[in-house]
Amino acid sequence: MTEVKNQPEERSLNFIEEIVEEDLKSGKHESVLTRFPPEPNGYLHIGHAKSISLNFGLALKYGGKTNLRFDDTNPVTEETEYVDGIKEDIKWLGFTWANEFYASDYFEELYEFAVTLIKEKLAYVDDSSSEEIAAMKGTPTEPGKDSPFRTRSIEENLQLFADMRAGKYKDGEKVVRAKVDMASPNMQLRDPIIYRIKHAHHHRTGDKWCIYPMYDFAHGQSDAIEHITHSICTLEFVTHRPLYDWFIEKLKIFPSKQYEFARMNLTYTVMSKRRLLQLVNDKHVSGWDDPRMPTITALRRRGYTPESIRTFNEKIGVQKRDNIIDVSLLEFCIREHLNRIALRRLVVFDPLKVILTNYPEGFEMVRSENNPEDENTDSREIPFSRELYIEREDFMENPPKKFFRLAPGQKVRLKSAYIIQCDEIIKEADGSIKEIHCSYLPESKSGADTSGLKVQGTLHWVSVPHAITAEVRLYDRLFRVEDPMSEEGDFKDYVNPDSLQTISAAYAEPSLRNAKFDERYQFLRKGYFCLDKDSSEEKLIFNRTVTLKDTWAKEKKKG
RNA sequence: UGUCCCAUAGUAUAAUGGUAGUACGACAGAUUUUGGUUCUGUUUGUCGAGGUUCGAAUCCUCGUGGGACAACCA
């Protein structure tokens with residue numbers, strides 16, 4: 001009777017899944033073929049991850065396939081470096097494409113499509129300048145005017161188009177436009193340009209072409225060539241859909257259908273390749289993979305797991321309304337995963353020396369669990385000695401109420417070791433605290449505590465003679481404001497100046513000497529960390545992926 | 001003031017004419033050798049006005065608000 005309880009929660013379908021299920025049920029399509037179509041002019045960001053999850057997820061869910069297709073129709077901005085980066089990111093996210101295609105694979109077919117249109121009197125070569133074309137285009141509220149070249153003969157158009165391809169004209173001298181409707185209320189339909197001249201080296205076709213198709217003339221046709229059943233893109237292409245359908249109809253090719261969803265926005269960051277590139281170029285960050293960036297490569301470097309990003313994508317859903325997702329949801333997803341898999345380690349960032357006056361010379365090894373959430377992980381030994389470092393902020397000479405840490409006369413437990421009590425504060429000449437002298441309770445050892453004492457606080461620590469040092473990089477949100485784009489002025493004015501704090505020498509327990517790149521760590525009471533790619537044999541560098549939730553910090557703020 | 005898209009707690013997301021639910025956040029408490037985790041509880045919502053209907057978040061109309069579109073970018 002109560003068995004329903006453990007059933008996985010049934011998730012309702014998003015609007016695209018509904019369309020797919022309907023198409024499958026009605027027999028419109030026998031299977032699903034989607035595509036992920038990045039332009040190789042920058043790195044993928046978390047917003048793209050939503051599209052990747054959607055496209056690949058749809059195929060996975062309904063037993064279909066997904067092609068990876070690089071939309072490489074603009075040679076001046078596109079580079080092979082980006083192609084490689086994008087492929088790596090998709091693989092890392094855990095998805096596998098059926099075919100790796102390029103819009104440039106179809107240049108010859110696309111050229112023929114344009115010839116077909118010309119022959120049907122549905123396209124023409126226009127000698128007008130860019131400015132003239134813009135002027136004749138009209139405005140959203142006023143119709144456009146026909147170009148004087150609109151009525152050229154088929155033969156002349158064919159010849160001119162062939163000459164364009166042959167390289168007889170300079171950039172911008174001529175374009176090919178589709179003949180749709182200069183009076184259409186939809187601006188996209190006012191004789192859109194479908195081919196332009198660019199004497200530029202293409203990352204794949206080299207110098208074979210000097211004319212390149214525009215997005216609208218490449219995307220839908222590429223979908224059709226591949227027999228994509230559901231071509232999913234973002235909302236800004238809604239107004240392009242009539243054009244998408246128009247080309248498919250006029251060319252009588254496979255009727256792929258375009259569906260649009262709202263792109264994702266995240267608080268405290270920006271989400272466009274153009275703006276991210278600005279941050280890189282203006283050196284606000286060290287590069288596309290600076291861990292503060294919302295790019296996939298940066299998230300990976302920062303320690304995010306692909307699982308957490310996929311979970312995040314499931315949670316945010318798919319819809320058509322503008323949205324800005326609270327970054328705390330992303331943080332929740334990564335904490336939830338890391339809590340399950342991260343190995344616990346003790347690391348002191350800002351050391352305060354503690355001398356245990358009644359502890360003998362030498363040291364002992366104490367045992368500590370690697371992950372209390374996972375019974376399968378074992379434990380490790382940590383050296384404990386008479387001289388220790390604790391976190392400076394874990395001691396206060398005059399503590400406020402509810403300060404459960406170390407203070408004169410106050411007792412705390414040292415994690416996996418003993419209860420200690422503060423007896424004396426040793427100060428420097430300037431009055432600052434040099435070290436504190438404590439006594440430990442031998443009968444309070446972890447696992448064999450017969451002291452009967454209950455203490456409120458437990459601190460992390462390291463043994464001074466055994467500690468190793470490491471650099472620790474603490475990251476915070478890239479922007480000071482939730483939505484930099486909605487603020488006055490340049491979005492770059494709102495970059496958070498404290499988004500990176502570097503601790504050049506933190507003191508870590510010796511087991512971290514063997515830290516591995518594929519392992520995740522929780523530095524107790526500090527946050528989740530991973531080894532940074534800048535690390536070397538001589539120098540360990542850790543990135544903070546995300547902090548732990550800190551209710552004490554909130555308490556302090558309240559005053 | 002053209003065409004198109006959208007509107008449910010602070011943020012997201014369900015309810016597909018029949019009890020407005022879930023997650024994150026926030027707040028409070030319990031547990032805790034991490035002020036973590038876990039658990040419990042509280043809080044806040046259908047943009048507005050009409051209409052259809054026994055019944056409307058859902059369908060219709062008109063408003064209001066937000067967004068997209070005028071690159072030889074994608």
Side-chain angles (χ1 to χ4, degrees), chain A residues 9 11-14 18 37-39 41 71-74 76-78 126 129-130 133-134 137-144 171-177 184-190 193-198 212 214-216 218-219 233-242 260 262 264 267 273-274 315-333 335-336 339-340 344 346 368-369 372-373 402-405 412-417 419 444 446-447 449 454-460 482 522-527 547-556:
Chain A
E9 199 178 313
R11 203 168 59 84
S12 51
L13 302 178
N14 65 50
E18 280 179 7
E39 182 188 12
N41 67 345
D71 229 329
D72 56 351
T73 57
N74 185 3
V76 304
T77 56
E78 295 153 6
D126 195 331
S129 70
S130 174
I133 289 175
K137 199 138 204 172
T139 69
T141 52
E142 296 166 84
D171 287 12
E173 235 177 291
K174 286 183 165 42
V175 292
V176 181
R177 300 175 72 181
S184 171
N186 180 346
M187 297 293 289
Q188 308 303 140
L189 263 23
R190 322 249 261 229
I193 293 167
I194 60 175
Y195 261 96
R196 76 293 212 185
I197 300 168
K198 273 180 193 284
Y212 293 92
M214 297 287 288
Y215 166 85
D216 285 306
H219 202 100
C233 62
T234 45
L235 244 33
E236 64 268 32
F237 293 101
V238 169
T239 52
H240 294 241
R241 193 187 334 127
E260 312 87 6
M264 175 187 59
T267 54
K273 280 193 278 190
R274 209 188 92 233
K315 286 185 188 291
I316 62 174
V318 177
Q319 74 307 109
K320 295 180 86 154
R321 53 191 108 113
D322 297 324
N323 61 86
I324 180 159
I325 311 279
D326 197 328
V327 72
S328 63
L329 181 60
L330 214 211
E331 292 176 344
F332 167 81
C333 291
R335 282 194 188 106
E336 184 187 50
N339 179 48
R340 294 193 325 256
R344 313 292 134 126
L346 304 183
S368 191
E369 74 280 359
E373 307 297 317
K402 293 210 272 186
F403 184 80
F404 303 147
R405 307 176 183 184
V412 293
R413 171 167 298 278
L414 295 178
K415 173 68 184 174
S416 298
I419 292 174
S444 67
S446 279
D449 186 352
K454 282 262 179 240
V455 291
Q456 298 241 53
T458 300
L459 308 185
H460 61 283
E482 271 200 8
Q522 185 198 97
F523 294 173
L524 238 62
R525 307 207 297 140
K526 285 297 186 184
T547 60
L548 257 25
K549 271 216 304 210
D550 190 350
T551 47
W552 172 243
K554 276 185 206 163
E555 191 69 31
K556 268 195 300 190

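We name chains A, B, ... by the order of the sequence lines, and we start the count at 1 in each one.
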Specify the separation, in whole Å, of atom [atom1] of [X] and atom [atom2] of [N].
| X | N | atom1 | atom2 | answer |
| --- | --- | --- | --- | --- |
| A/N14 | B/A15 | CG | P | 10 Å |
| A/Q522 | B/U33 | CD | P | 16 Å |
| A/R177 | B/A71 | CZ | C1' | 13 Å |
| A/D322 | B/A68 | CG | C1' | 8 Å |
| A/I197 | B/C73 | CD1 | P | 12 Å |
| A/W552 | B/G36 | CH2 | P | 12 Å |
| A/L329 | B/A23 | CG | P | 12 Å |
| A/M214 | B/C73 | CE | P | 5 Å |

Just compare [options] and give me whichever is closest to any side-chain atom of [X].
| X | options | value |
| --- | --- | --- |
| A/T239 | B/G36, B/C69, B/C72 | B/C69 |
| A/P372 | B/U34, B/C72, B/A12 | B/U34 |
| A/V175 | B/A23, B/C72, B/U33 | B/C72 |
| A/K554 | B/G35, B/A26, B/U1 | B/A26 |
| A/E39 | B/A12, B/C73, B/G67 | B/C73 |
| A/K549 | B/U33, B/C72, B/G36 | B/G36 |
| A/S12 | B/G2, B/A15, B/C72 | B/A15 |
| A/F237 | B/A74, B/C69, B/A12 | B/A74 |
| A/P185 | B/G2, B/U11, B/C73 | B/G2 |

For [X], which contact category applies under a 4.0 Å heavy-atom criterion: base, sugar-phosphate, or nothing?
| X | result |
| --- | --- |
| A/F523 | nothing |
| A/L459 | nothing |
| A/R190 | nothing |
| A/G144 | nothing |
| A/R405 | base |
| A/V238 | sugar-phosphate |
| A/S328 | sugar-phosphate |
| A/S130 | base |
| A/K402 | base |
| A/N186 | nothing |
| A/D550 | sugar-phosphate |
| A/H240 | base |
| A/F404 | base |

[N], OP1 or OP2 - any side-chain N/O from [X] closer than 4.0 Å?
| X | N | value |
| --- | --- | --- |
| A/R321 | B/A12 | no |
| A/K137 | B/C69 | no |
| A/T73 | B/A74 | yes |
| A/K320 | B/A7 | no |
| A/R525 | B/G35 | yes |
| A/T139 | B/G2 | no |

Donor-acceptor under 3.5 Å ([X] side chain, [Y] main chain):
| X | Y | answer |
| --- | --- | --- |
| A/D550 | A/L548 | no |
| A/K273 | A/E39 | yes |
| A/S368 | A/S416 | no |
| A/T267 | A/V327 | yes |
| A/R335 | A/T547 | yes |

Could you give the distance separating [M] and [N] at their [atom1] atoms, to the nearest angstrom?
| N | M | atom1 | result |
| --- | --- | --- | --- |
| B/U58 | B/A49 | P | 12 Å |
| B/C4 | B/A70 | C1' | 14 Å |
| B/C27 | B/C62 | P | 45 Å |
| B/G2 | B/A57 | C1' | 31 Å |
| B/A7 | B/U42 | C1' | 28 Å |
| B/U34 | B/U19 | C1' | 43 Å |
| B/A56 | B/U46 | C1' | 11 Å |
| B/G21 | B/A9 | P | 14 Å |

| Using a distance-only test with no angle check, is there a side-chain donor-acceptor pair under 3.5 angstrom linking A/S184 and A/N186? | no
| task | Would you check, one step at a time, whether the test salt bridge (Lys or Arg N to Asp or Glu O under 4.0 Å) holds for A/E369 with A/K415? | result | CA-CA 10 Å; A/E369 74 280 359; A/K415 173 68 184 174; 3.0 Å; yes
| field | Comparing A/I133 and A/F332 on RNA chain B - which has the more 5′ nearest nucleotide | value | A/F332
| query | Is a donor-acceptor contact shorter than 3.5 angstrom present between the side chain of A/E373 and the base of B/G36? | reply | yes
| Any donor-acceptor N/O pair under 3.5 Å between B/U34 base and A/R344 side chain | yes
| request: Can you label the angle between the A/H240 ring and the A/F237 ring as parallel, tilted or perpendicular, going by 30° and 60°? | output: perpendicular
| message | With the six-membered base ring of B/A74 as reference, does the ring of A/Y215 sit under 5.5 Å away with planes under 30° apart? | response | no
| message | Distance check, rounded to the nearest 0.5 Å: A/Q522 atom CD versus A/E373 atom CD? | response | 8.5 Å
| request: Please work out the stems of RNA chain B from pairs that are Watson-Crick or G-U wobble with both distances under 3.5 Å, keeping only runs of three or more consecutive pairs. | output: B:2-7 with B:64-69, B:10-13 with B:21-24, B:26-30 with B:38-42, B:47-51 with B:59-63
Closest approach of [X] and [Y], non-hydrogen atoms and distance?
| X | Y | answer |
| --- | --- | --- |
| A/E142 | A/R190 | O-NH2, 2.6 Å |
| A/I419 | A/S444 | N-OG, 2.9 Å |
| A/L524 | A/H460 | O-ND1, 3.6 Å |

